[in-house]
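Here the structure comes first, spelled out in structure tokens, and everything after it is commentary.
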Amino acid sequence: MTIFYWGILLAITGIVLLMLLFMIRKKQVYDKLNAMFAMNTSIVFLILMRGMIDGRMDMYIDIALSYSILGFVTTVILAKYIGGRK
């Protein structure tokens, strides 16, 4: 079963790398932000899959929750900054 988890881990890592490439290649700010937010979500899944492989889900859930809260706060701050004060 761990081979299956390692395959999922590699697939999610590939998705993160593709999002990074997409973020670098695009010119518009909104495309870059969408890629960054999708990459953030994929990294949370990456952390959780690593927890399943290690067998220490409790520790990795705390790390993933912290990372996702940080990503949400970053999303709100960037949306407010780009959207302006209307």
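Every heavy atom of this structure was used, including side-chain atoms; hydrogens, water molecules and symmetry mates were not. Worth saying up front: this structure is predicted, and the values here are computed from it rather than measured.
Scored by the side-chain contact (heavy atoms from CB on, under 4.5 Å) test, Val29 finds Leu33, Ile82 as partners (sequence neighbours excluded).
Under the 4.5 Å side-chain heavy-atom criterion for Ile, Leu, Val, Met, Phe, Trp and Tyr, Tyr81 and Met36 are members of the same hydrophobic cluster. No continuous path of ILVMFWY side-chain contacts below 4.5 Å connects Leu18 to Val44, so the two sit in separate hydrophobic clusters. Hydrophobic clustering places Trp6 together with Met49 (ILVMFWY residues linked when any side-chain heavy atoms are closer than 4.5 Å, directly or through intermediates). When hydrophobic clusters are built by joining Ile, Leu, Val, Met, Phe, Trp and Tyr residues whose side-chain heavy atoms come closer than 4.5 Å, directly or via intermediates, Ile63 is not grouped with Phe72. Cluster membership check: Met59 shares its hydrophobic cluster with Ile43, using side-chain heavy-atom separations under 4.5 Å among Ile, Leu, Val, Met, Phe, Trp and Tyr.
For the atom pair OG1 of Thr74 and OH of Tyr67, the computed distance is 8.5 Å after rounding to the nearest 0.5 Å. Between the CG atom of Leu21 and the NZ atom of Lys26 there is a distance of 10.5 Å, given to the nearest 0.5 Å. In this structure, Phe4 CZ and Leu9 CG are separated by 12.0 Å, a value rounded to the nearest 0.5 Å. To the nearest 0.5 Å, atoms CG (Leu46) and CE (Met39) are separated by 11.5 Å. Expressed to the nearest 0.5 Å, how far CD1 of Ile12 lies from CD1 of Ile47 amounts to 11.0 Å. From Met19, atom CE reaches atom CZ of Phe37 across 13.0 Å, with rounding to the nearest 0.5 Å.
Counting all heavy atoms, side chain and backbone alike, Ile24 lies closest to Lys32 at O-NZ, 4.3 Å. Closest non-hydrogen pair, Met57 versus Gly51, comes out as SD-C, 3.7 Å. Contact between Tyr60 and Leu48 at its shortest, heavy atoms only, is O-CD2, 4.2 Å.
The number of heavy atoms from other shown groups lying within 6.0 Å of CZ (Phe45) does not exceed 12.
Ionic pairing of Asp31 and Lys27 is not present here: no N-O contact between side-chain nitrogen and carboxylate oxygen is shorter than 4.0 angstrom.
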